[in-house]
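Letters A, B, ... are given to chains in the order of the sequence lines, protein chains preceding strands, and every chain is numbered from 1. Note that these values count all heavy atoms, side chains included, but never hydrogens, waters or copies made by symmetry.
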Protein chains: 2
Amino acid sequence: MKTESLFRALADPSRRKILKLLQPGPLSAGELSEHFPFSLASLSHHLSILKSADLVHTERRGQYIHYSLNTSVTEEIYRLMADLFSKHRSGESK
Amino acid sequence: MKTESLFRALADPSRRKILKLLQPGPLSAGELSEHFPFSLASLSHHLSILKSADLVHTERRGQYIHYSLNTSVTEEIYRLMADLFSKHRSGESK
DNA sequence: TAAATATTTAGATATACTTTTAAACATGAA
DNA sequence: TTCATGTTTAAAAGTATATCTAAATATTTA
């Protein structure tokens, strides 16, 4: 189920854009929303999907909630991708 | 557009299962369909999505069409994932 | 506590995706 | 060419996803 939510989360271009926007550092929902044409409610929905896929992390700072990239999933994603594309042939180590 | 079709293609669990089934070697649509509860038409649809995402390759052998994994995209996928999860902080090399 | 700001949740609509059945297309064999 | 097998395409139905507006929750400030 975790793998599933992860792939689904990455499937949407707006969510991938959110991840890229968070690369330099944490941003609030309001700051993120400036980069999208849709409503804050819609952005919030995307953020909740990224959050339940464990791709982003939240921290409240006063009124604001700061969203940040969870870079610790990177390794897991690599593993998942390798799992999908390895040839699975015994004795093929290189 | 290529990135988009790639992520979308990977979003569906049946399509990821197809990729795994193709790891040991090429299979026909009929052979693949034994592993799924849905119709051959539906499988064919999934295969066309994987194909247009350049994740599988087809080769006709007589009546049969053999589907095989396109492992050459692996590197591109790694690049895409690295692009999404790098911190993009200058001077952070470790 | 009341007002202002930041964000999320609920309910509704529109769009996209998956699946099905039936028909069409492609190849090989009689 | 006709029949059988393998696969795809078309049209329709069902399900899921994205987005909107309006209302609700949380925090800070007056």
Quick test of your reading: applying salt bridge (Lys or Arg N to Asp or Glu O under 4.0 Å), list the pairs with at least one residue in residues 43-65 of chain A, sequence neighbours left out, ordered by first then second residue.
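Found Glu59(A)-Arg61(A).
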
For DNA chain C, what residues of residues 34-47 of chain A have any heavy atom nearer than 4.0 Å?
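Of all residues in residues 34-47 of chain A, the ones placing a heavy atom under 4.0 Å from DNA chain C are Leu40(A), Ala41(A), Ser44(A).
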
Test of understanding: with ring-ring contact (aromatic ring centres under 6.0 Å, His included), list the residues that count as partners of Tyr78(B), not counting sequence neighbours.
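ring-ring contact (aromatic ring centres under 6.0 Å, His included) list for Tyr78(B), sorted by chain: Tyr78(A).
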
Anything under 4.0 Å to a heavy atom of chain B counts; send over the first and last such nucleotide of DNA chain C, read 5' to 3'.
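Contact span on the strand: dC17(C) to dG28(C).
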
Can you list the residues that meet the salt bridge (charged side-chain N to carboxylate O under 4.0 Å, His left out) rule with Glu31(A), with sequence neighbours excluded?
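Not a single residue meets the salt bridge (charged side-chain N to carboxylate O under 4.0 Å, His left out) criterion with Glu31(A).
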
Would you mind reporting whether Leu47(A) and Ile65(A) have side-chain heavy atoms less than 4.5 Å apart?
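They are not in contact (no side-chain heavy atoms under 4.5 Å apart), so the answer is no.
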
Quickly work out the Gln63(B) CD to dC3(D) C1' distance and round it to whole Å.
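After rounding, the reported distance stands at 12 Å.
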
Is there any salt bridge (Lys or Arg N to Asp or Glu O under 4.0 Å) pair reaching into residues 66-81 of chain A, and which pairs are they, with sequence neighbours excluded?
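The answer is Lys2(A)-Glu76(A).
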
Transitively linked via ILVMFWY side-chain contacts under 4.5 Å: Ile18(B) with Ile49(B)?
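Different clusters.
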
Separation of dT28(D) C1' from Tyr64(A) OH (nearest whole Å)
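Rounding to the nearest Å, OH of Tyr64(A) and C1' of dT28(D) are 10 Å apart.
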
With sequence neighbours excluded, what pairs up with Ser52(B) under the side chain to side chain contact (heavy atoms under 4.5 Å, CB included) test?
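Partners of Ser52(B) by the side chain to side chain contact (heavy atoms under 4.5 Å, CB included) criterion come out as none, since no residue qualifies.
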
Can you list every pair that meets side chain to side chain donor-acceptor pair (under 3.5 Å) and has a residue in residues 33-50 of chain A, with sequence neighbours left out?
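Listed by first then second residue: Arg15(A)-His46(A).
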
Members of residues 7-15 of chain A that approach DNA chain D, where some heavy atom sits under 4.0 Å away:
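Those residues whose heavy atoms fall under 4.0 Å from DNA chain D, taken from residues 7-15 of chain A in numerical order, are Arg8(A), Asp12(A), Arg15(A).
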
For a quick test of reading the model, state the closest non-hydrogen atom pair linking Val73(B) to Asn70(B) and the distance between them.
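For Val73(B) and Asn70(B), the tightest heavy-atom pair comes out as CG2-O, 3.1 Å.
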
Residues in ring-ring contact (aromatic ring centres under 6.0 Å, His included) contact with Phe36(A), at least two apart in sequence or another chain
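For Phe36(A), the residues satisfying ring-ring contact (aromatic ring centres under 6.0 Å, His included) (neighbours in sequence not counted) are Phe38(A).
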
Between Leu21(B) and Pro24(B), what is the shortest heavy-atom contact and its length?
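Shortest heavy-atom contact: O-CD, 3.3 Å.
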
Tyr64(B): partners by side chain to side chain contact (heavy atoms under 4.5 Å, CB included), with sequence neighbours left out:
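If we apply the side chain to side chain contact (heavy atoms under 4.5 Å, CB included) test to Tyr64(B), skipping adjacent residues, the hits are Ser28(B), His66(B).
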
With a 4.0 Å heavy-atom cut-off, tell me which residues in residues 49-57 of chain B come close to DNA chain C, sorted by residue number.
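By residue number: Ile49(B).
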
Hphob cluster co-occupancy, Leu40(A) + Leu32(A), side-chain heavy atoms under 4.5 angstrom:
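Cluster IDs for Leu40(A) and Leu32(A) differ.
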
Categorize Ser48(B) for me: base, sugar-phosphate, or nothing, with a 4.0 angstrom heavy-atom threshold over every strand shown.
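Result for Ser48(B) = nothing.
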
